[in-house]
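Before any comments, here is the structure.
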Amino acid sequence: MTVRVRFAPSPTGYLHVGGGRTALYNWLFARHNGGVFILRADDTDAERSTPEFQQDILDGLTWLGLDWDEGIEVGGPHGVYRQSQRLERYQEVAARLVASGAAYYDLATPEQLESLRAAAESAGRSPVYAGTHRATPAQVHGHLAEGGVAPIRFAVPRPGETIFEDLVRGSLRFDHANVDDFVILRSDGTPTYHLASTVDDVDFGITHVVRGEDILSSTPKHILLTLAMGGEPAIYAHLALLNGPDGKKLSKRHGDTSLRAYREAGILAGAMRNYLAILGWSPGDDEEVVSPETMIERFELTAVSRNPAVFDTTKLEWMNGVYLRALPAAEFVELTRPLVESELGRTLDDREAAVYAAIAPFVQERAKRLTDAAPQVTFLFVDDVAYDDASWEKVMTKQEARVALDGALARLEGLAGWDSPSIEEALRAMLEEHGLSASKGFQPLRVAVTGSSVSPPLFESLEALGRERALQRLRSAADRVSSES
RNA sequence: GCCCUCAUCGUCCAGCGGCCUAGGACGCCGGCCUUUCAAGCCGGUAACACGGGUUCGAAUCCCGUUGGGGGUACCA
């Protein structure tokens with residue numbers, strides 16, 4: 001039997017990292033088994049669903065490199081993959097369930113429900129609605145005939161229990177005493193998540209439901225519904241949720257939670273995908289940096305961790321650095337050049353682009369995020385460097401600063417060529433001449449030229465800057481140093 | 001409150017009754033390299049939540065406690 005899985009997010013917010021991971025695990029499982037990955041929109045909540053969020057989800061999945069075989073945008077044998085366009089089907093199923101006695105119109109008032117809940121709670125019992133106020137068929141008929149509305153509830157068999165085998169959690173058992181007669185069709189005729197999702201899973205022939213643990217306790221409802229529809233329940237796998245660094249539920253107060261935010265902050269899709277894969281699953285050996293092919297080859301739901309993992313951006317950044325360094329130099333340039341341009345507020349001309357391409361590899365070596373590049377190279381493309389105060393304070397106030405600047409000027413002004421080897425030779429001679437150590441002698445030059453003590457290598461920076469501007473910066477730094485002393 | 005669920009270094013993962021004086025990765029600390037910062041290389045720090053069982057033997061199995069997470073809607 002062909003494996004068929006789905007990722008069915010509600011477009012009620014931007015795709016977050018946890019959703020991305022759920023999608024990734026579904027995709028890996030499908031690809032590992034030569035199955036079908038379906039993308040569906042569980043957008044029954046018309047109030048909160050928006051096209052913008054829907055688009056963000058599509059963008060996020062595509063960015064992560066996940067492709068789907070059926071579903072939104074690509075279509076498929078089951079037609080529409082949006083719940084908002086399948087309303088009649090859910091109503092039809094609900095009606096059939098009422099006809100068969102598996103569900104019923106519920107006439108209980110909100111007040112009745114509330115007092116039941118309150119009573120149960122104060123008695124220390126499960127606050128479960130078990131059809132206590134279920135009306136007779138005649139009463140229901142009368143109510144409806146008079147134009148009254150009512151939600152349809154599923155009649156959970158009592159007593160009873162639902163037992164199933166979860167691929168990541170093992171054997172699970174739920175006593176129906178703790179399962180509500182849940183609403184499947186609201187009084188306005190729209191389906192709830194339970195109905196719509198289950199109907200779609202049955203209709204689309206979903207064989208494995210891989211989703212977040214937040215719906216674990218609703219699973220008995222879905223199995224019961226499936227059975228009542230005459231369907232074969234899927235195999236379930238519930239993934240533990242992601243937490244923030246403090247071990248609490250991951251939320252905005254922990255920082256960015258949307259995939260989009262990380263993309264914009266310079267995280268590479270490959271790094272994010274790899275990190276998400278490793279967060280709750282292990283490829284087996286000690287390797288953690290793994291290709292998508294390897295992930296697909298080794299992925300097993302039964303090997304997925306049961307405990308909630310902390311989404312740790314430190315490790316994500318480390319991994320991003322690994323991916324960044326693995327990038328071909330040209331690609332790194334292509335990816336970061338727009339960021340440099342936006343930092344400058346203008347585009348680079350051809351000459352400048354060539355300068356950037358020459359210096360970029362040195363930046364690539366030390367970057368953790370794509371966004372780290374621009375701040376390190378803007379000194380090349382502005383008329384006057386802005387000195388970093390801390391850097392200036394640290395090196396320019398030292399005795400050697402003046403000696404180094406004057407010495408460098410003397411050596412460089414008459415230099416024949418302007419390439420980093422020649423510059424290095426000249427400056428090392430300067431060191432020798434004044435008896436300066438490399439760090440004492442070169443740091444002032446670095447700050448003079450790049451504005452900061454953290455920058456690409458000195459000689460390459462000087463070469464890239466060009467003779468005129470380089471000398472000019474050394475001079476103005478020397479002037480400032482002498483005026484301050 | 002009630003129901004479900006989870007529990008190995010600060011974090012992620014390995015471990016599935018003896019190979020564990022618990023392994024790897026990130027982080028952190030130290031060293032090397034070195035013109036800075038990184039990167040790289042080398043070394044170090046650090047954990048089986050607690051209490052009972054079961055067993056010749058438990059990180060591994062069972063029970064309880066504690067703590068975390070989820071659910072408890074005509075939201076998904």
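Just the heavy atoms: all of them, side chains too, but no hydrogens, waters or symmetry mates, feed the values below.
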Exercise. Determine the minimum heavy-atom distance between A:R446 and A:S452, stating which atoms define it.
Key: CG-O, 3.4 Å
Self-check item: Candidate nucleotides B:G68, B:A38, B:C74, ranked by approach to the side chain of A:R366 - the nearest
Solution: B:A38
Quiz item: In whole Å, what is the span from the CG atom of A:D214 to the P atom of B:G69?
Solution: 14 Å
Practice problem: Answer yes or no for A:R21 and A:Y25: cation-pi contact, defined as NZ/CZ to six-membered ring centre under 6.0 Å and angle to ring axis within 45°. | Solution: yes
Exercise. Identify whether any heavy atom of A:S282 sits under 4.0 Å from a base atom; if not, whether one sits that close to sugar-phosphate; answer base, sugar-phosphate or nothing.
Key: sugar-phosphate
Exercise. Mark yes when over 12 heavy atoms from residues, nucleotides or ligands other than A:E161 sit less than 6.0 Å from its CD; otherwise mark no.
Key: yes
Practice problem: Classify the nucleic acid contact of A:H238 as base, sugar-phosphate or nothing, counting any heavy atom under 4.0 Å across all strands shown. | Solution: nothing
Quiz item: If you look at every strand shown and take non-hydrogen atoms under 4.0 Å, does A:V454 touch a base, only sugar-phosphate, or nothing?
Solution: base
Exercise. Could you check whether A:A309 gets within reach of a base, just the sugar-phosphate, or nothing at all, counting any heavy atom under 4.0 Å?
Key: sugar-phosphate
Self-check item: N/O (side chain, A:R117) to phosphate O (OP1/OP2, B:U72) under 4.0 Å
Solution: no
Quiz item: What one-letter contact string describes nucleotides 26-32 of chain B from 5' to 3', where B marks a base within less than 4.0 Å of any protein heavy atom, S marks contact via sugar-phosphate atoms alone, and - marks no contact?
Solution: SS-----
Quiz item: Which of the following nucleotides, B:C74, B:G70, B:U35, is nearest to the side chain of A:V183?
Solution: B:C74
Quiz item: Picking from B:A76, B:C12, B:G40, which would you name as closest to the side chain of A:R325?
Solution: B:G40
Practice problem: May I ask you to evaluate whether A:S305 reaches the phosphate of B:C13, defined as a side-chain N or O under 4.0 Å from OP1 or OP2? | Solution: yes
Quiz item: Is A:D389 atom CG crowded by more than 12 heavy atoms from other residues, nucleotides or ligands, each under 6.0 Å away?
Solution: no
Quiz item: Can you give one letter per nucleotide of nucleotides 1-6 of chain B, going 5' to 3': B for a protein heavy atom under 4.0 Å from the base, S for sugar-phosphate only, - for none?
Solution: BSSSSS
Quiz prompt | Closest non-hydrogen atom pair between A:L327 and A:Q364, with its separation | solution = O-NE2, 2.8 Å
Exercise. At under 4.0 Å between heavy atoms, which parts of nucleotides 44-51 of chain B does protein reach? Answer with one letter per nucleotide, 5' to 3': B base, S sugar-phosphate only, - none.
Key: --------
Quiz item: For B:A76, does either OP1 or OP2 sit under 4.0 Å from a side-chain N or O belonging to A:T44?
Solution: yes
